Amino acid sequence: MAIRVYNTTHNQKEDFIPLVEGRVGMYCCGPTTYNYIHLGNARPLVVFDTIRRYLLWRGFEVTYVQNFTDIDDKIIKRGVQENLSAAQIAAKYIAAYFEDAQALRVLPADVHPKVTEHIEDIVVMIQEIIDNGHAYVVDGDVYFDVTSFPQYGKLSGRALEDMQAGARVEVGDVKRNPWDFALWKAAKPNEPAWESPWGMGRPGWHIECSAMSCKYLGKEFDIHGGGADLIFPHHENEIAQSQAANSGGFARYWLHNGFITVNDEKMSKSLGNFFLLRDILEKFSGDIVRFYLLSTHYRSPIDFSDDKLLMAQKSLERIRNSYYLLQESEKRAVEAPAALTETIAIAKAAFVEAMDDDFNTALAVAAVFDFCHELNAYLQDNVQPSTTDIKDAKQLFADFDSVLGMILPQEQSNSGLAEDLLQLILEIRTMARGKKDWATSDFIRDGLKNVGIVLEDTPQGVRWKKA
RNA sequence: GGCGCCAUAGCCAAGUGGUAAGGUAGAGGACUGCAAAUCCUUCAUUCCCCAGUUCAAAUCUGGGUGGCGCCUCCA
């Protein structure tokens with residue numbers, strides 16, 4: 001069965017057939033690095049990371065490219081505010097980006113190209129667009145001529161005439177048409193600038209993605225992703241530029257994630273209702289944020305609130321508890337006929353079916369829950385589970401985790417001293433319990449809870465975990 | 001003004017023709033010194049409203065109501 005993906009180009013689900021069998025080229029619009037990323041920026045990161053992980057898990061050879069827009073008006077402005085150069089601002093927030101991405105367990109892309117390191121490629125592409133009669137030069141600026149490109153508006157489902165009917169028209173402009181957009185901007189005084197055939201200047205926003213995707217993935221490639229707010233004009237412009245320069249080609253499948261909302265309003269920089277990811281990470285771990293983001297289909301809107309993250313936390317704990325029980329049962333496992341083989345096969349099939357259907361992570365997570373429930377019941381009913389079952393179940397969790405990226409807790413190194421002290425405390429508590437000294441026992445349990453260690457007494461002894 | 005999306009339990013959320021997944025919260029029970037975790041049972045005669053198509057609709061069609069988004073930097 002083929003993977004089905006919803007392609008914005010045709011507004012429908014289609015069979016995913018890569019250009020080259022077994023290989024996928026994937027480009028995703030990355031952040032403009034003038035601030036820490038907010039939760040709205042985090043969604044495409046996690047969504048497309050998950051899609052990439054799934055394609056890898058399904059056996060495709062994936063080349064994943066995500067750019068950094070490291071030169072732009074907002075970066076320059078921020079530099080003035082922070083008294084740093086544009087390059088310093090970009091470097092600062094790119095470093096911060098990688099910290100945030102790591103917290104979300106987003107794997108680094110194969111290539112993270114930066115605009116400032118690809119000026120040559122961009123200039124060459126702009127020249128091609130001019131040579132092919134799709135752009136014009138005005139006083140050191142270069143503009144794309146949308147009227148030269150009949151397909152303009154196809155991705156976003158709008159016609160040039162419709163847009164002009166009701167839209168506010170930019171005034172006092174040198175552009176021939178209000179929808180023409182800058183490929184190259186002439187330098188203003190005291191701004192970073194690069195040499196070009198049209199004078200000193202810098203690239204427009206859209207051209208970078210066309211130039212860099214072409215460089216690393218070729219003129220035609222498989223998947224292009226990004227937030228739904230990039231459909232127009234950014235992605236529309238990318239298509240126009242790339243096809244104008246290369247006489248066709250470009251991305252075959254356009255995937256767009258829905259928005260994060262706050263009180264049902266879009267979280268956005270202009271509305272000022274955004275939450276920086278690092279502020280959220282003060283209260284909830286990256287795994288929880290990731291789980292929250294994947295518990296809704298990627299094209300649907302998700303509303304943000306602490307309550308929703310709290311629910312995500314509880315849900316993820318249920319899965320993790322099941323995994324703890326599995327790990328614990330290893331000690332008492334024996335060689336015995338496997339009983340879970342079919343359960344595991346069903347869970348895996350349900351997971352694959354869900355992910356194959358336009359990466360339905362919400363349904364895939366449900367498959368994980370169903371499996372946890374079956375596994376818990378099995379481990380409860382069997383004092384001596386089968387080693388084969390244990391091994392296969394662990395592998396299934398590993399599979400789930402390699403795709404969803406937050407099922408299993410990350411290996412955390414406890415400092416030796418703290419670990420030793422905790423063991424000592426637990427021994428003292430066990431002694432107290434032996435004497436039915438419940439006051440001491442509960443005092444220790446409550447005290448540890450206050451520092452984030454949860455104790456659970458089981459027939460096999462006490463078990464602890466971080467809250 | 002143009003284009004588009006959404007409406008499922010207290011909350012979150014799958015499900016696009018065959019008789020409502022999953023999570024969370026709640027209720028009862030088992031286990032426990034008490035908890036926690038886990039297990040068992042329970043929790044939408046019904047999917048915003050109205051009409052239609054069909055043997056059959058949350059799912060399709062038409063109309064209505066409500067909410068949101070894009071058209072401008074935005075993921």
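For clarity, every value in this text was computed on a predicted model and none was experimentally measured.
Nucleic acid contact class of A:His373 (heavy atoms, under 4.0 Å, all strands): sugar-phosphate only. Among the protein residues, A:His38 comes within range of the nucleic acid bases, having at least one heavy atom under 4.0 Å from a base atom. A:Arg463 comes within 4.0 angstrom of sugar-phosphate atoms only, judged by non-hydrogen atoms across all strands, and of no base. In this structure, A:Phe274 reaches neither bases nor backbone, as no heavy-atom distance under 4.0 Å exists between it and the strands shown. Within 4.0 Å of A:Thr296, counting heavy atoms only, lie sugar-phosphate atoms of the nucleic acid but no base atom. At the heavy-atom level, A:Asn257 lies under 4.0 Å from base atoms of the strands shown. Among the protein residues, A:Gly258 comes within range of the nucleic acid bases, having at least one heavy atom under 4.0 Å from a base atom. Using a 4.0 Å heavy-atom distance criterion, A:Leu455 is classed as a base contact. Using a 4.0 Å heavy-atom distance criterion, A:Ile260 is classed as a base contact. Nucleic acid contact class of A:Ser441 (heavy atoms, under 4.0 Å, all strands): base. If you check every strand for non-hydrogen atoms under 4.0 Å, A:Gly40 touches a base. When heavy atoms are screened at a 4.0 angstrom cut-off, A:Lys314 is found touching the sugar-phosphate backbone but no base atom.
Aromatic ring centroids of A:Tyr27 and A:Tyr64 lie 6.0 Å or more apart. Here A:His206 and A:Phe144 keep their ring centres 6.0 angstrom or further from each other. Here A:Phe291 and A:Phe284 keep their ring centres 6.0 angstrom or further from each other. A ring-centre distance under 6.0 Å is not found for A:Tyr143 and A:Phe181.
For the C1' atoms, the distance from B:C50 to B:G2 is 28 Å, rounded to whole Å. Rounded to a whole angstrom, the distance from the C1' atom of B:U42 to that of B:U59 is 28 Å. B:C11 and B:C49 have their P atoms separated by 15 Å, given to the nearest Å. Annotation: B:C43 and B:A20 have their P atoms spaced 13 Å apart (nearest Å). Taking the C1' atoms as reference points, B:C71 lies 32 Å from B:A58, given to the whole Å. Comparing B:C6 with B:U38, their P atoms are spaced 35 Å from each other, to the whole Å. The gap from the P atom of B:G67 to that of B:U72 amounts to 24 Å, rounded to the nearest Å. Separation of the P atoms belonging to B:A9 and B:U45 is 10 Å when rounded to the nearest angstrom.
Within residues 67-78 of chain A, the residues that place at least one heavy atom under 4.0 Å from RNA chain B are, in residue-number order, A:Lys74.
Contact check, A:Lys13 against B:U16: no side-chain N or O comes under 4.0 Å of OP1 or OP2. In this model, the phosphate group of B:C74 is approached by a side-chain N or O of A:Trp205 to a distance below 4.0 Å at OP1 or OP2. Here A:Asn11 does not reach the OP1 or OP2 of B:C3: none of its side-chain N or O atoms lies under 4.0 Å away. Listed pair A:Asn321 / B:U38 meets the phosphate criterion, a side-chain N or O lying under 4.0 Å from OP1 or OP2. OP1 or OP2 of B:G23 sits under 4.0 Å from a side-chain N or O of A:Arg318. Here A:Asn376 reaches the OP1 or OP2 of B:C39: one of its side-chain N or O atoms lies under 4.0 Å away.
Checking A:Pro301 against A:Asp370, the closest nucleotide of RNA chain B that is more toward the 5' end is the one next to A:Pro301. Where A:Ser315 and A:Ser300 meet RNA chain B, the nucleotide closest to each residue was compared, and A:Ser300 sits on the side nearer the 5' end.
Ring pair A:Tyr54/A:Phe351 is perpendicular by interplanar angle, where above 60° counts as perpendicular and below 30° as parallel.
Of the nucleotides present, B:G18 is the one that pairs with B:C55 by Watson-Crick or G-U wobble criteria, both distances under 3.5 Å. Here B:G26 sits opposite B:U42 as a Watson-Crick or G-U wobble pair (both hydrogen-bonding atom distances under 3.5 Å). B:G4 is paired with B:C68 under the criterion used here, namely a Watson-Crick or G-U wobble arrangement in which both key atom distances are under 3.5 Å. Across all strands shown, B:C31 forms no Watson-Crick or G-U wobble pair with both distances under 3.5 Å.
Within the 3.5 Å criterion, the main-chain N or O of A:His112 finds no donor-acceptor partner in the side chain of A:Gln66.
Counting atom types as modelled, A:Ser295 pairs no side-chain N or O with a base atom of B:C12 as donor and acceptor under 3.5 Å. Not a single donor-acceptor contact under 3.5 angstrom links the side-chain atoms of A:Arg299 to the base of B:C6. Remark: the A:Arg433 side chain and the B:G33 base include a donor-acceptor N/O pair separated by less than 3.5 Å. For a distance-only test at 3.5 Å, the side chain of A:Asp442 qualifies as a donor-acceptor partner of the base of B:G33.
A distance of 7.0 Å separates OG1 in A:Thr9 from CD in A:Glu14, rounded to the nearest 0.5 Å. The distance from atom NZ of A:Lys308 to atom OG of A:Ser295, rounded to the nearest 0.5 Å, is 10.0 Å.
In this structure, a donor-acceptor pair under 3.5 Å is present between the side chains of A:Asn67 and A:Glu208.
When A:Tyr216, A:Trp254, A:Tyr253, A:Phe250 are each tested for a ring pair (Phe, Tyr, Trp, His ring centres under 6.0 Å) with A:Phe221, only one passes: A:Phe250.
Look at CG on A:Leu276: it is 12 Å from P on B:A75, rounded to the nearest Å. The CZ-P distance, from A:Phe291 to B:G22, rounds to 14 Å in whole Å. Residue A:Lys154 contributes atom NZ, which lies 19 Å from atom P of B:C3 at whole-angstrom precision. In this structure, A:Asp457 places its CG atom 15 Å from P of B:U38, rounding to the nearest Å. Between A:Glu328 atom CD and B:U38 atom P there is a gap of 12 Å when expressed in whole angstrom units. Atom P of nucleotide B:A75 and atom NE2 of A:His224 are separated by 13 Å, given to the nearest angstrom. Going from atom CG of A:Asn237 over to atom C1' of B:C70 covers 14 Å, rounded to whole Å. Atom OH in A:Tyr378 sits roughly 24 Å away from atom P in B:A37 (whole-Å rounding).
Taking a centre distance below 5.5 Å and an interplanar angle below 30 degrees as the stacking criterion, A:Trp438 stacks against the six-membered base ring of B:G33.
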**OP:** Using the salt bridge (charged side-chain N to carboxylate O under 4.0 Å, His left out) rule, take A:Lys175 and A:Asp141 through it: C-alpha gap first, then chi angles, then the decisive distance, then the call.
**Re:** CA-CA 10 Å; A:Lys175 295 189 287 187; A:Asp141 290 339; over 6 Å; no

